[in-house]
Amino acid sequence: MGISSAQASKFYQEVAENGVIWGIKDSGGFPAPRGTEGNRAMPFWSSRSRAQTVIENVSAYTGFEPVAISWEVFCERWVPGLSQDGLLAGINWSGERATGFDIQPSELQENVEAVRNNT
């Protein structure tokens, strides 16, 4: 299992257990940078500390704040909105350039729900 898939697995587990997903935002809103393949992805994390680590270690995110989003609100509002805007969901991005695994928002929702249903 690669680092990205290990991060994704941990992400699904933590979000399923806690019922919260974390984004980051500043005065301009939530970031959705273009990835190496040209697709835009909005990053999300499974814990406040993971989001805070990226804010503290990636200069592009200086001045951002972690934002808690309940799982129910994420499913009801964010998944349809991200899909409508053609955005992918980034999962537990990390490292110097804040990179990681990007998937369709509906796939993120399905994967977390599968873990929730198995616990």
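Side chain of Asn18 to main chain of Val20: no donor-acceptor pair is present (N/O by atom type, distance under 3.5 Å, no hydrogens or angles).
Put simply, the side chain of Pro31 reaches to within 4.5 Å of the side chain of Phe64, judged on heavy atoms. A heavy-atom distance below 4.5 Å is not found between the side chains of Leu87 and Pro105. Contact annotation: the side chain of Leu88 never approaches that of Leu82 to less than 4.5 Å [non-hydrogen atoms, C-beta and beyond]. The shortest side-chain heavy-atom distance between Arg50 and Lys10 falls under the 4.5 Å cut-off. Contact check for Thr53 versus Val58: no side-chain heavy atoms found under the 4.5 Å cut-off. The shortest distance between side-chain heavy atoms of Val67 and Ile24 does not fall below 4.5 Å. Contact annotation: the side chain of Phe44 never approaches that of Ile91 to less than 4.5 Å [non-hydrogen atoms, C-beta and beyond].
Contact detail for Gly90 and Asp102: the closest heavy-atom pair is CA-OD1, 3.3 Å. The shortest non-hydrogen separation linking Ala32 to Arg40 is O-NH1, 2.8 Å. Scanning both residues, Pro80 and Glu76, for their nearest heavy atoms gives CG-O, 3.4 Å.
Linking ILVMFWY residues whenever their side-chain heavy atoms come closer than 4.5 Å, directly or via other members, places Tyr12 and Val73 in the same cluster. Cluster membership for Phe101 and Val54, using ILVMFWY side-chain heavy atoms within less than 4.5 angstrom, is not shared. There is a path of hydrophobic side-chain contacts, each under 4.5 Å, that joins Val115 to Phe74. The cluster map of Ile, Leu, Val, Met, Phe, Trp and Tyr, joined by side-chain heavy atoms under 4.5 Å apart, puts Tyr61 and Ile21 in different clusters.
Going from atom CZ of Arg97 over to atom CG of Asn57 covers 15.0 Å, rounded to the nearest 0.5 Å. Taken from CH2 in Trp22 to CG in Asn92, the straight-line distance is 13.0 Å, to the nearest 0.5 Å. Considering CD of Glu14 and CH2 of Trp45, their distance stands at 14.0 Å, rounded to 0.5 Å. In this structure, Ser70 OG and Arg77 CZ are separated by 8.0 Å, a value rounded to the nearest 0.5 Å.
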Which is it for Phe11 and Trp93 under the ring pair (Phe, Tyr, Trp, His ring centres under 6.0 Å) test, yes or no, and what are the steps along the way?
CA-CA 10 Å; Phe11 176 93; Trp93 286 2; over 10 Å; no
Test side-chain contact (heavy atoms from CB on, under 4.5 Å) applied to Asn111 and Ile103, step by step
CA-CA 11 Å; Asn111 292 342; Ile103 62 172; 4.1 Å; yes
Please report the C-alpha distance between Val112 and Arg116 in whole Å, then the side-chain angles of each, then the deciding distance to 0.1 Å, and finally whether the side-chain contact (heavy atoms from CB on, under 4.5 Å) criterion is met.
CA-CA 6 Å; Val112 171; Arg116 285 172 59 120; 4.0 Å; yes
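Using a 3.5 Å distance cut-off with no hydrogens or angles, the side chains of Glu113 and Trp71 do pair a donor with an acceptor.
By the neighbour-count criterion of 12 heavy atoms within 6.0 Å, atom CD of Gln84 is sparsely surrounded, having that number or fewer from other residues, nucleotides or ligands. Atom CD of Glu56 has more than 12 heavy atoms from other residues, nucleotides or ligands within 6.0 Å.
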